[in-house]
Amino acid sequence: MNESGAFAMKRFNSPAYRSMLRSVEKPARYVGGELHAVDKSDRFFSLAEKDRVHFALCFPDLYEIGMSNLAIQIIYALLNRDENVFCERCFAPAADLRSYLKQRSMPLVSIETMTPLSAFDIVGFSLHYELAFTSVLEMLSLAGIPLYAEDREENSPLIVAGGPITCNIEPMAPFFDLVMIGDGEFLLPALLEIYREHKASGRSKTDFLRSVCGMDGVYVPSFYKVDYHDDGSVKEIKTADPCAPAVVRKAVVRDLNLAPIPCDPVVPNIEVTHDRMILEIFRGCARGCRFCQAGFTYRPLRERSPETLFDAAEKLIQSTGCDEIGLLSLSSSDYSHLNQLTRELLRVTDAKHINLSLPSLRLDAFSLQLAQRLAKTRRAGLTFAPEAGTQRLRDVINKNITEEDLFGAAKTAFENGWDRLKLYFMLGLPTETEADLEGIVDLAERLLLLWGEIPKTVRSKRLAVTISTSIFIPKPFTPFQWERQISIDEMRGRQSHLASGLRDRRVSYHWHAFESSVIEAVLARGDRRLAQVVENAWREGAYLDAWHEHFKWEIWRDALTLIPGGADFYVRERREDEIFPWDHIDIGVTRDFLNRERKRSKEGRLTHSCFDGCAGCGCDVWQTGLCPAALSGRDRSTDREKV
Amino acid sequence: MSTPLEIQRQLSRVLLFFARQGAAAWIAHLDTMRLFERAFNRAQWPVAWTEDAFNPRPMLVFGLPAGVGIETRRDPLEVTLETPVDMNCSVEKLNRLLPPGVEVVAWGEAPATKKSLMSLVKAADYLFEAPKICRAFEKTFSSRPSVIVPWARKGQVKEINLTPRILDARKITDDTLCIKAGAGSENHLRVDLLLEALVRDGGLSDESAAGARIIRERIYGDLLF
């Protein structure tokens, strides 16, 4: 599998290249040469230009972030399996390399063969957060590629995007030729195959876009025209091309066992942010927490079989030699075969000094037992996410955690000597009042009291509780997509209220900067008019905005003045019947269902999870996975392991 | 490259000599350590772990860290194994599973001493390739009894005299200089400081210094064959 050959080595003979590497921090970010990095240059040059597809897989953030991302590893392995497809990686350069390239007018190049992005057939961006938007523009600009799709010539690369946030890509719509929505495992290879045929026959870009725009998961922004009311809200979304479907439905991998797991992932030579093997145990979520976009957009819930996973884990351990393996999902405890899988995995990992990490566990006895089994030295501490301080508000957001769950879990944890507890909350959730903030303070105080009641012989010597808050951001395709985001003044007020309440020295309070939450909220529910704002912010120097040290509020605030109403227009509460900028995207869950959920939230009514029957979200159309509608007729209890 | 002295030997304390070039020359020392830890895992070497209850580590000792951007040809690495292994097979397997540019070029039994590998290291050969580097070297060192450069570390600036740290120098071509320099815990020569001095005192251009190719050819030390 080790295919990185002479071609990749040549660059190191150049004094100019060495000089560039010596002028930047962590040059290993840019040089490639990792285990399992693919260099198919011999094959590349043996093929006629028209017979191959050269794909630049771009991640609009630093190498360490991008290489921690499972999507990058999946797509890289998947595309390079095709002998006519040549997929190479490119990450956003850090500020130092970015200025180096700019000063010398050097183009941004791929890692594997140092090909300028402008020379690829397709440049694809994997998008995971809104604050990466300006980095996309920077990468295009560094590559000398015109930003706007309409300004690009026939011989310019096709600029495409995929990833979880493409469910509303409108603020970036004018920049992309094609956007993929939903699961990419089968969609992307299929698209590339059609692209290759088109390229070989010399047909135009528009021809290609027309021929694929009817596929599930393919969205061609230029084929839609958006009209606005005078107040700036959307009046109508019309198709602007006869081939374009009125509604774009997301792509869904119906059987996750058929979606390839990258068992020979690229092993970075330097430490990356999440430096571990990743095993995705299931996709989708049955819970329906009303603030959680992933919880709805990844539906229906589809599991991988424990056999598939165990087999993949063994291969991953063998092929990477990493010392940690993380199970990935939106709610680990919901995996039907968690007991069996962890038991089998631990047998292997324990023998090999490998840590098994399992995020997103629920607060039940089994989870705690498991957490204890996993944390060999208990250094990591326990993390709970009650999200809200009172039961009332937790019911509003449909977070099915009760105080009994929380205190029961904490008691068990204290009795077993855990000394660090981290609690996550959101500020600014719909209907939040001062009582809910007091609830957080109260919860922290009662946890300290509870710890005091545990016999000294079993509890730890000291206790550290961390309360961490983030600002609620209303997201498309959630029941809260209509809700407003609280104002900056409210954010400030609520944070200081909490900070002054949490006075015990055993409790530390962490919060996130709130200006970037505003921009995230603006972009998340944004429309096409925001493209000029993103462009303007980028022109004024916004780049790598997800990094606290790079985020510049003033730039964004000024750029938003281009739109009447500015940020306030986007963070406001939306009218019930308002047309959303993303209404032509069908993500599975229906607007009706989300609206019903919103009403239930206002009444503080819980909605049961998919495990307890169908709540009618709309994802039954795929008739697959653990969707109760797909399982009807079968006895569900036989599918789920008794724990 | 040197070959093992005895064929088919079973060893439990091993001294490996590894080369790194290409992309692998651009990683820092800690990353090199992790790179080898993972490679040993992949090759299923039974590497022993330290007894530390809270932070057990695989028992690997590097003779001398290599800075970012320095190629090495024969750097020593000591590995302690739980059980002896057949070295020929094991090294071959390891080499197959190392990333491109990293290779074990020789091996032998680890020195029978209680001293750490690092304390055994005394000197190293370096090869520098840069335009007119030999002239710059001569100009820097021939006319002065000592060449002193500042070295900033942890907020303090120390003055380092490079002259006693250079044990021998040989011109290969005008642009290729071979140096034998002190290395290890005493008398260690930092090659970045040497290049700085060549720029400051020898007229080497900044550009040549930044683009120089630096290769550590070998490391000398007590008991290191």
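These numbers come from the heavy atoms of this one structure, side chains and all, not from hydrogens, waters or symmetry mates.
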What residues of residues 58-67 of chain B sit under 4.5 Å from chain A when you count only heavy atoms?
-> none
Is it the case that more than 12 heavy atoms not belonging to A:E25 sit under 6.0 Å from its CD atom?
-> no
Quick one: list whatever passes side-chain contact (heavy atoms from CB on, under 4.5 Å) with B:K93, sequence neighbours left out.
-> B:A43, B:Q44, B:R96, B:L97
Select one option (side chain, backbone, both, neither) describing which atoms of A:T320 are under 4.5 Å from chain B's heavy atoms.
-> backbone
Is the shortest heavy-atom distance from the side chain of A:N13 to the side chain of B:R213 under 4.5 Å?
-> yes
Check the surroundings of atom CZ in A:R104: do more than 12 heavy atoms from other residues, nucleotides or ligands lie under 6.0 Å from it?
-> yes
Part of residues 30-40 of chain B lying next to chain A, heavy-atom separation under 4.5 Å | B:D31, B:R34, B:L35, B:R38
For A:S319, is it the side chain, the backbone, both or neither that has a heavy atom under 4.5 Å from a heavy atom of chain B?
-> backbone
B:L195 CG to A:R22 CZ distance, which is reported to the nearest 0.5 Å = 7.5 Å
Neighbour count >12 (heavy atoms, 6.0 Å) for atom CD, B:E207 = no
If only atom types and distance count, is the side chain of B:R42 paired as donor or acceptor with the main-chain N or O of A:G321 below 3.5 Å?
-> no
Could you name the residues of residues 21-29 of chain B that have a heavy atom within less than 4.5 Å of a heavy atom in chain A?
-> B:Q21, B:G22, B:A23, B:W26, B:I27
With a cut-off of 6.0 Å (strictly less than), are more than 12 heavy atoms of other residues, nucleotides or ligands near CZ of B:R200?
-> yes
A:N269 versus B:P99, closest heavy-atom pair with distance = OD1-CG, 3.9 Å
